[in-house]
**Q** 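Here it is, the structure in full.
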Amino acid sequence: MCSATERVFADRHIGPNEAELAKMLTELGVESLEALAARAVPGSILDSQPGYGLEPGAAFKFPWGQSEHEVLEQLAELAGQNTTAVSMIGLGYYDTITPTVLRRSLIENPAWYTAYTPYQPEISQGRLEALLNFQTMVSDLSGQEIANASMLDEATAAAEAMTLLRRASKNKSDRIVVDADLFPQTRAVLETRAEPLGIELVEADLALGEEGLPPGDFFGVVLQQFGASGKRLPVKEIVAAAHGREALVAVGTDLLAATLVTPPGELGAEVCYGSAQRFGVPLGFGGPHAGFLATKQAHARQLPGRLVGVSTDADGHAAYRLALQTREQHIRRERATSNICTAQVLLAVLAAMYASYHGPDGLKAIARRAHGHAAAIAAALGEALVHDTFFDTVLARVPGQAAAVVAAAKLGGVNLRLVDADHVAVSCDEATTDDHVATVLQAFGLVAAEPRAQAEIADRTSPYLAHPSFNRYHSETAMLRYLRELSDKDIALDRSMIPLGSCTMKLNAAAEMEPISYAGFARIHPFAPETDTVGYRKMIKGLEAELAFITGYHSVSLQPNAGSQGELAGLLAIRAYHRSRGDEHRDVCLIPSSAHGTNAASAVMAGMRVVVVGCRENGDIDLDDLRAKLASHGDKLAAIMITYPSTHGVYEAAVTELCGLVHDAGGQVYIDGANLNALVGLARPGHFGGDVSHLNLHKTFCIPHGGGGPGVGPVAVGEHLAPFLPGHPLRDGLGGGGPVSAAPFGSASILPISWAYIQLMGFSGLRRATLTAIASANYLARKLDQHFPVLFTGAGGFVAHECILDLRQITKETGVTAEDVAKRLADYGFHAPTLSFPVSGTLMVEPTESESLEELDAFVAAMVAIKGEIDQVAKGVWSAEDSPLRGAPHTARAVTADSWDRKYSRQVAAYPKIASASPRPKVWPGAARIDGVAGDRNLVCACPPVESYAE
Ligand SMILES: *Cc1c(COP(=O)(O)O)cnc(C)c1O
């Protein structure tokens, strides 16, 4: 059976080999993948000309699959076309030195980067502990009581702070005061997010203190402790004055500065927000970086995003899990106050580990050094210094000379910030050296001067990072082992398939990952001059064109840094389009009842009213209900938001008809592209009726999930919406809409992953991947249906790329729940499928194309074995309560304990029999079943005493 052809990349990416695939297709009763496509995918959407620019004379040539070697060479060349200057531009992005042990053992380690969001806490204790460290670090440094993990970037964190203040404030004004010295990108994102919600930004010069506050009512105030100019603001005075006017305050906080200065949380601010980038996370041309949001305990339930909390497991041991899940957008839907879903977990973990590695003293030393270098520049500037209360950034007045100074520094390899014709700003950071300072002074035509007497900024008296997590791992050996200890507790893609429906946990190939560590991609400031970013922009343009081609749309913006942000950008484009035509009244967004929670949340954030469209018994959108809703909302209709294939995992045949109905009613069609893994190379949403889609590059295009982020959620639009794509205040040539991310190209430094995937696979490889994903999902559906009925199928009895297993009847008859099955799978060494989405009491399974037949069969065997256990419950051998299903998952500590009083054996608990050809590696869950409710009742979201966990 050994063929003599050399393997191409697609053969490595795609799990089943030819022989395996043939077996699977036989099971499905089709002769070939093409025959499967013809049967499973509605003819009305199938691409009639899937030529992809391969036909002679085509204007656009889609890449043909290339070898890893070739693609890596091209990426090295692109990285080489970028210039890694010394970045002293500032504005919220600072060079930093990633400790090598964290690069090799964390960000380049698949045990960390291939993990999923820790919704199954028992097999996620490692990253949950790391995230708890992040929360502790942020709340300690900012002087707040509670912090989340994490936000998408600093500017969106500020926007979330704004809406949190509005919810929490007693003052019902629609106005919020924003300081004039905010980072320009923060200010611009606040504007994007405020306008649809009817919030008015009022600019003020808060450097004046109380005097600076405008007359009239306002519900909140947003300022930075250190402004864009570097100047320190009188936070305490402003907070007191704002409180006197019944307004709440959010303060942009620099975590490094906070090691020296009294943090805003101690000065009475309700919220601290910011970025943890400078804690070891490369600049990366703008991202990904972890944003943060911290507040008082009293506002804990208002805090958006994910929050890790401490609870106990069934054996009485302390354990971590995501807290307050009921306030998350997937449950609150149109009542949600934020749409954030995928966050920045990997980067939050990196920042927390950076703090653990340096410890409180090390961080303070780094802060002192950065401040010292800034002070040296300030001293030399003398009269040219604009303000003398700074941390790391100084502002110089050089009338008429600013451009010349910046150019001179550039000749010396240093990028400074040109503020205007008369001003230059210089930011120092961890990577700044005496040589850099000398180059800067030379550019100004200055010589070093004796430091002059200046206000001592180090006025912080409270301790921070006293917890052992930040004091135990200062040696490389200790850190190395800590990272291994934690990741050993988790199931990531390096141990098992992760069959999470809707999340598309496919291979993240090493060749795709490697380039993100290239200095030419990692060490580029988002606002670096154009001449420094030639390679980046070439790669970005190419990726945009390829994604536009794959989706059948006109234009793509890569700015949104998660699917949720792509949704918002797309809906804002629809809103702007209607307004440009005088249709201000179009504000109704139709959303099917089965939609992902972010859809409704994004619609609300875009200023739309959500109207739910029902689904029929077979899971399809109810077109009669749609017609009724279209009739009753008439010319108020703005858009419909559907997912295709549906979140039920089905290609709805009526999609083209549905799009036609909405268009006839004057509405726009938003197609959520999270399920694009079922379409790439087969059908294009821009051709079968969509006006706009977002994609999830962290699903379909191989960016790893990182344990809950990063992500990239590009938004793709038809020509009529292109003028309304996101823009950016610091970069021309993007769309005309407001920015939805802090950086012009969002999380630019992970785009090489998707770029590499497309070049490696080429058109035929991508198409084969899609077809294989469909075949694998249908294979699982066939094999499992007799044990756990598949809830929905399309025409011909086929599903798309995922299937929903219905456990509700089983639960009714035996008491065994879908959650029990999900937890029990961990005992068998598998990560659970998606639990209770989109239908409560079900499991949604998505194998992706990357899993071999052997792995699929092992999963089936585990599920069949679990069904056998359920049958025992049905027969009365065990009650559901006393069964290994409810007892799952079983920890090593539990099964090796001296006492064992369960109704089943230790072997059944930990090494259950599975009819699989090869034994699976045993993965020991880090915790037994965790009690979420108890943890929510007594909310603890910072590091607990470690002793409680290490007995
Ligand atoms: C994953 C997903 C989203 C949200 O994407 P994030 O990147 O997590 O914000 C939206 N819709 C669907 C159907 C999804 O599966």
Side-chain angles (χ1 to χ4, degrees), residues 116-119 150-153 156 160 287-288 291 304-306 322 328-331 333 336 338-346 498-506 558-571 589 591-603 605 621 641-650 652 670-679 685 690 692-716 740-741 746-747 750 754 800-802 804 833-839 844-846 848:
Y116 181 67
T117 306
Y119 283 131
S150 51
M151 294 277 99
L152 290 163
D153 59 26
T156 54
E160 300 281 0
R306 295 185 178 127
L322 296 177
E328 259 211 51
Q329 43 74 25
H330 62 266
I331 291 165
R333 296 169 60 94
S338 162
N339 66 347
I340 187 167
C341 181
T342 290
Q344 299 281 19
V345 167
L346 189 66
I498 302 187
L500 283 164
S502 214
C503 301
T504 314
M505 299 293 291
K506 57 163 73 173
L558 293 169
Q559 190 184 92
N561 44 20
S564 60
Q565 308 305 297
E567 290 175 20
L568 179 63
L571 290 169
C589 188
I591 298 185
S593 54
S594 62
H596 194 270
T598 51
N599 289 183
S602 299
M605 288 167 64
I621 294 171
M641 247 184 139
I642 58 169
T643 302
Y644 202 84
S646 72
T647 54
H648 291 154
V650 171
E652 289 172 65
Y670 188 113
I671 299 181
D672 181 327
N675 288 344
L676 204 76
N677 212 44
L679 295 178
V692 46
S693 290
H694 79 269
L695 326 178
N696 292 52
L697 299 191
H698 47 301
K699 294 177 181 171
T700 314
F701 294 93
C702 297
I703 289 177
H705 270 65
V712 177
V715 56
V740 295
S741 301
S747 294
I750 52 176
S754 298
H801 65 311
E802 60 194 6
I804 298 177
T834 298
L835 176 61
S836 286
F837 171 81
V839 181
M844 182 155 66
V845 182
E846 179 181 1
T848 82

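Atoms within a ligand are numbered from 1 in the order they appear, just like the ligands themselves.
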**Q** Atoms of ligand 1 less than 4.0 Å from Glu567 heavy atoms?
**A**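 Checking each atom against Glu567, I get 10 (C), 11 (N).
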**Q** Counting each atom of ligand 1 from 1 as listed, which ones have a heavy atom of Cys341 under 4.0 Å away?
**A**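 Near Cys341, the atoms of ligand 1 are 8 (O), 9 (O).
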**Q** Backbone, side chain, both or neither: what part of Thr342 comes under 4.0 angstrom of ligand 1, heavy atoms only?
**A**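 The part of Thr342 near ligand 1 is both the backbone and the side chain.
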**Q** Hey, is Gln565 touching ligand 1 through its side chain, its backbone, both or neither, going by heavy atoms under 4.0 Å?
**A**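 Neither; no heavy atom under 4.0 Å.
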**Q** So, taking the atom named CE in Met844 and the one named CG in Leu500, what distance separates them when rounded to the nearest 0.5 Å?
**A**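 Spacing of CE (Met844) from CG (Leu500) equals 9.0 Å.
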**Q** Suppose I only count heavy atoms of Thr598 and a 4.0 Å limit; which atoms of ligand 1 are within that range?
**A**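 Counting atoms of ligand 1 from 1, those under 4.0 Å from Thr598 are 3 (C), 4 (C), 10 (C), 11 (N).
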**Q** Any side-chain heavy-atom pair from Met641 and Asp672 closer than 4.5 angstrom?
**A**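 Met641 does not reach Asp672 side chain to side chain.
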**Q** Name the closest protein heavy atom to atom 5 (O) of ligand 1, giving the residue it belongs to and the distance to 0.1 Å.
**A**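 For this ligand atom, the closest protein heavy atom is Asn696 ND2, 3.0 Å.
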**Q** Treating Gln344 as the side-chain partner and Leu152 as the backbone partner, does any N or O pair qualify as donor plus acceptor under 3.5 Å?
**A**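 Confirmed, Gln344 side chain pairs with Leu152 backbone.
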**Q** Which residue owns the protein heavy atom closest to atom 9 (O) of ligand 1, what's the atom, and how far is it?
**A**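 For this ligand atom, the closest protein heavy atom is Ser564 N, 2.8 Å.
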**Q** Got Asn561 and Asp153 here, is their nearest side-chain heavy-atom distance under 4.5 Å?
**A**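 Counting from C-beta outward, Asn561 and Asp153 do come under 4.5 Å.
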**Q** How does Ala674 reach ligand 1, if at all, at less than 4.0 Å between non-hydrogen atoms: by side chain, backbone, both, or neither?
**A**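 For Ala674, the contact with ligand 1 is made by the side chain alone.
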**Q** Which part of Asn675 is near ligand 1, with near meaning a heavy atom under 4.0 Å away: side chain, backbone, both or neither?
**A**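 Looking at Asn675 and ligand 1, no heavy atom falls under 4.0 Å.
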**Q** Do the rings of Phe837 and His596 sit parallel, tilted or perpendicular, given the 30° and 60° boundaries?
**A**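 Perpendicular, since the angle between the ring planes exceeds 60°.
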**Q** Are side-chain N/O atoms of Asn599 and Glu567 paired as donor and acceptor at under 3.5 Å?
**A**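 Result is yes, a qualifying pair exists.
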**Q** Is Asp672 in polar range of ligand 1, meaning some N or O pair under 3.5 Å apart?
**A**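 Between Asp672 and ligand 1 (N or O atoms, distance only) the closest approach is under 3.5 Å.
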**Q** Purely on distance, is any nitrogen or oxygen of His698 under 3.5 Å from one on ligand 1?
**A**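 Such a contact does occur with ligand 1.
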**Q** Would one find an N or O of Ser502, backbone or side chain, under 3.5 Å from an N or O of ligand 1?
**A**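 Looking only at distances, the answer is yes, because the N/O contact criterion of under 3.5 Å is met.
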**Q** Determine yes or no for a side-chain-to-main-chain donor-acceptor pair under 3.5 angstrom, with Thr156 supplying the side chain and Ser741 the backbone.
**A**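 Such a contact is absent between Thr156 side chain and Ser741 backbone.
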**Q** Give the residue, atom name and distance (to 0.1 Å) of the protein heavy atom nearest atom 2 (C) of ligand 1.
**A**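 The closest heavy atom on the protein side is Lys699 NZ, 2.4 Å.
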**Q** Do Asn339 and Gln565 come within less than 4.5 Å of each other through their side chains, counting heavy atoms only?
**A**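 Touching, per the 4.5 Å side-chain cut-off.
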**Q** I want to check something: taking the side chain as every heavy atom from C-beta on, are Val839 and His648 in contact at a cut-off of under 4.5 Å?
**A**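 Touching, per the 4.5 Å side-chain cut-off.
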